[in-house]
Amino acid sequence: MATFLYRLGRLAYRRRWYFALIWVLLLVLAGAGAATASKSTNNDFSIPGTEAQRAFDLLEKRFPGNNEQNASARVVFKAPEGQKLTDPKNKAAVEKVIAELKHSPQVAAAADPFTAKTVNPAGTTGYASAAYKVKSMDLTEDSRTELKDAAQHGRDAGLTVEVGGSVLQQMPEGGSEAIGIAVSAVVLLITFGSLVAAGLPLLTAIIGVGIGVSSIAALAPLLDLSTNTSTLAMMIGLAVGIDYALFIVSRYRAELAEGREREEAAGRAVGTAGSAVVFAGLTVVIALAGLMVVNIPMLTKMGMAAAGTVTIAVLIALSLIPALLGFAGKQVLARKVRKAKPGAEGGDKPNMGTRWARFVLRKPVLVLVAGVLGLGAIAVPAASLELGLPDDGAASKSSTQRKAYDLLSEGFGPGFNGPLMVITDVADAKDPKGAVQKVGDKLKGLDNVATVTPAHFNPAGDTAMLTVVPKSKPTSTDTEDLVHAIRAEGGGLKADTGAQVLVTGSTAMNIDVSQKLNDALLPYLALVVGLAFLLLMVVFRSVLVPLKAALGFLLSVVAALGAVVAVFQWGWLGSVFGVEETGPIMSMMPIFMVGVVFGLAMDYEVFLVTRMREAFVHGERPGQAVVTGFKHGARVVTAAAIIMISVFAGFIGSSEQMIKMIGFGLAIAVFFDAFVVRMAIVPAVLALLGKSAWWLPGWLAKVLPNVDVEGEGLQKRLAKPGASSATPGTPGAPEADEDRELVKA
């Protein structure tokens with residue numbers, strides 16, 4: 001592989017105009033596709049194989065025209081203190097708001113709270129439901145403005161008016177990624193000491209993310225992609241795109257500093273650091289694509305879209321970076337290095353990475369114990385992890401959605417915001433109405449039930465829908481117990497009446513998806529860690545190094561989950577991170593973190609340890625190989641980690657609770673993994689293992705392919721007389737032969 005990538009790097013350097021033009025054309029084509037594609041996206045959350053989804057599917061089939069996918073609004077009214085909504089003045093104000101809503105072109109229907117009987121028994125609070133003709137992402141700004149104006153007219157009349165519902169869902173706010181890019185620019189400038197060298201990773205990462213996100217936007221209507229898909233792809237694509245380019249540019253600078261010609265330096269940089277980029281990218285892609293085993297379509301699409309963006313980042317690092325290095329020449333070096341003689345960079349003074357590695361080699365047990373105990377302590381809150389899906393109750397207290405949620409809880413009870421939809425299929429029942437009556441009576445007798453609405457039959461009369469309002473709030477364990485209790489009664493009711501009882505609704509969906517994700521976590525871990533373990537065995541030609549990498553990842557991801565629980569569930573330092581309301585952790589968070597963090601953690605493992613493996617293969621002692629790896633890799637890995645952390649941390653400022661939580665979780669996980677596991681625990685373990693760290697059984701060595709990630713084969717090839725590159729453009733330069741060999745390969 002190293003030889004192939006070496007040729008690719010030299011080809012891209014020589015044919016730089018062609019490679020640059022190809023990537024620019026791809027960016028233009030992706031942008032044109034995004035600009036001409038429909039802006040409609042799909043935020044529907046389906047969980048195949050669960051009772052909640054079966055009930056929802058039956059509801060759509062038996063109740064035609066009940067389109068839950070379209071936007072909806074719930075306008076909540078509260079009368080002034082000491083008054084009622086039924087007072088003539090207040091009633092007139094409510095009716096005026098409803099009339100204004102009905103005049104909006106995109107509103108299909110708006111129910112009056114007085115005729116729909118949606119006023120609480122005290123008469124102080126009521127709500128009006130408005131159904132729209134289109135999905136929330138297809139709403140015009142005029143429709144949202146008309147809704148806000150109608151609500152304001154109600155406030156002007158003295159009422160408290162707040163709005164909830166999917167009508168307020170909009171594309172996630174942009175600009176968060178700019179914070180990460182700005183921090184990345186500063187870190188790159190400090191690391192390289194050159195504006196050109198700092199700009200290359202940023203430029204190529206932006207091009208890669210532009211192609212990836214534009215492609216997602218172009219394919220969104222066709223593949224039913226959600227609005228968060230592009231945000232997460234951007235988050236991950238920026239981080240890995242900058243990191244991969246950083247490693248190749250850094251290696252190119254090192255090759256130049258050793259006195260090699262620019263084309264040769266580009267080839268060697270891609271052949272060595274590029275090999276690490278390929279395998280690091282593969283681990284990320286495996287982890288993200290593996291999310292499909294959970295069988296939740298939205299999660300699968302998010303993972304595949306992010307994996308596609310990572311693939312683009314790898315291809316850009318291997319082909320566009322060497323092309324741009326051809327344009328930049330020696331400007332990628334700091335000014336003082338350009339003026340220095342070849343081989344003079346660095347001097348004899350050991351750098352920080354060397355000093356740290358020597359310290360760890362002297363006290364490996366102390367470093368290992370401190371790292372493991374520290375992360376173990378941070379991981380303790382993970383034992384109290386509670387899962388759920390965010391609703392308006394997790395929104396900012398200053399938002400109208402949250403105020404509407406709180407008004408409904410106060411006026412109708414805490415369970416009103418999370419009603420359970422009980423779908424009763426009576427197609428096989430001898431007495432459909434009698435069967436539904438028995439179901440309703442049974443539901444009323446269960447604990448924690450506040451009210452059960454009268455049954456609503458479909459036109460065919462073979463399906464009825466009842467709404468059960470719990471006494472407890474949607475995210476409580478009491479509500480979860482009620483869902484299980486209704487389902488437990490289903491078997492007996494079917495035997496007695498022939499009616500099949502199914503429970504759905506957002507609360508039931510949350511419970512089912514949490515269970516589904518919990519059930520899928522271990523198989524997913526086994527699949528992803530198993531495949532990555534095999535891949536790392538091929539890369540490092542060792543058994544213990546991949547095992548250490550996997551165990552270190554598990555430690556860092558559990559510690560990261562502990563930090564997420566402490567901040568978002570317990571509220572520790574919540575004000576620092578803008579967490580206004582604590583609650584259950586998003587159900588997808590653990591498995592998504594496992595997938596993303598595992599891939600990113602292996603990045604640093606591959607980048608850092610391949611340099612150690614390279615030194616060991618070239619004859620250095622195990623301890624010295626660790627020092628050499630840190631000497632050449634610690635500074636760059638540190639910069640890469642800071643960049644990745646800053647990119648993820650930039651999304652903590654998002655108003656979307658899911659994006660905020662994922663940004664924090666990924667940032668803290670990368671911090672733990674890069675600086676505690678890879679920079680401390682890994683060298684400590686390697687120091688204790690010594691030469692046995694690189695042990696591989698003879699029979700396994702024969703079975704595993706030798707991909708030559710550390711470039712041993714490439715070094716031997718280049719060491720042969722006449723194998724090194726001639727000056728470009730001179731007789732005997734191997735350009736044409738290498739071009740033909742690359743095409744054949």
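Looking at Phe675 and Ile642, their side chains come closer than 4.5 Å, going by heavy atoms from C-beta outward. Met302 has its side chain out of reach of Leu291: every pair of non-hydrogen atoms, C-beta onward, lies at least 4.5 Å apart. The shortest distance between side-chain heavy atoms of Tyr524 and Met292 does not fall below 4.5 Å. Side-chain contact between Glu386 and Thr477: absent, with no pair of heavy atoms (C-beta onward) separated by less than 4.5 Å. Proximity of Leu420 to Thr507: side-chain heavy atoms (C-beta onward) are separated by under 4.5 Å at one or more points. Between Val677 and Phe553 the shortest side-chain heavy-atom distance does not fall below 4.5 Å. Val594 places none of its side-chain heavy atoms less than 4.5 Å from the side chain of Val528. Contact annotation: the side chain of Asn448 never approaches that of Asp481 to less than 4.5 Å [non-hydrogen atoms, C-beta and beyond].
Judged by distance alone, the side chain of Ser692 and the main-chain N or O of Trp695 form no donor-acceptor pair under 3.5 Å. A donor-acceptor pair under 3.5 Å is formed between the side chain of Gln569 and the backbone N or O of Ser384. With Arg635 contributing its side chain and Gly353 its backbone, the two residues share no donor-acceptor pair below 3.5 Å. Without hydrogens or angle criteria, Arg487 side chain to Val503 main chain gives a donor-acceptor distance under 3.5 Å. Side-chain atoms of Ser250 do not come within 3.5 Å of backbone N or O of Leu246 as any donor-acceptor pair. Side-chain atoms of Ser215 come within 3.5 Å of backbone atoms of Ile211 as a donor-acceptor pair (strictly under, hydrogens ignored).
Considering CH2 of Trp356 and CG of Leu361, their distance stands at 11.0 Å, rounded to 0.5 Å. To the nearest 0.5 Å, atom CD1 of residue Ile486 and atom CG of residue Leu502 are 11.5 Å apart. Asp512 CG to Leu517 CG: the interatomic distance, rounded to the nearest 0.5 Å, is 11.0 Å. Put simply, OG1 on Thr204 and CD1 on Ile242 are 8.0 Å apart, with the number rounded to the nearest 0.5 Å. Distance CD1/Ile378 to OG/Ser556: 11.0 Å, rounded to 0.5 Å. Expressed to the nearest 0.5 Å, how far OG1 of Thr311 lies from CG of Leu282 amounts to 8.0 Å.
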Please report the C-alpha distance between Phe630 and Met612 in whole Å, then the side-chain angles of each, then the deciding distance to 0.1 Å, and finally whether the side chain to side chain contact (heavy atoms under 4.5 Å, CB included) criterion is met.
CA-CA 8 Å; Phe630 269 80; Met612 299 177 191; 3.3 Å; yes

Determine, step by step, whether Thr582 and Trp570 satisfy the side chain to side chain contact (heavy atoms under 4.5 Å, CB included) criterion, reporting the C-alpha distance in whole Å, the side-chain angles of both residues, the deciding distance to 0.1 Å, and the verdict.
CA-CA 6 Å; Thr582 60; Trp570 292 359; over 6 Å; no

Do Val513 and Thr50 pass the side chain to side chain contact (heavy atoms under 4.5 Å, CB included) test, and can you show the C-alpha distance, the side-chain angles, and the key distance before you say yes or no?
CA-CA 8 Å; Val513 75; Thr50 62; over 6 Å; no

Walk me through it: do Val183 and Ile643 pass the test side chain to side chain contact (heavy atoms under 4.5 Å, CB included)?
CA-CA 7 Å; Val183 175; Ile643 288 169; over 6 Å; no

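In this structure, Lys473 places its NZ atom where only 12 or fewer heavy-atom neighbours from other residues, nucleotides or ligands lie under 6.0 Å away.
Taking each heavy atom of Pro48 and Pro297 in turn, the nearest pair found is CD-CD, 3.5 Å. Between Gly241 and Ala205, the shortest heavy-atom distance links the atoms C-CB, 3.8 Å. Phe568 and Phe664 make their closest contact through CE1-CD2, 3.5 Å (heavy atoms, listed as atom of the first residue, atom of the second, distance). Minimum interatomic distance between Leu608 and Gly629 (heavy atoms only, all atoms of both residues): CD1-O, 4.0 Å. Here the closest heavy-atom approach between residue Val564 and residue Met593 is recorded as CG2-SD, 4.3 Å. When all heavy atoms of Lys660 and Phe577 are compared, the closest pair comes out as NZ-O, 3.5 Å.
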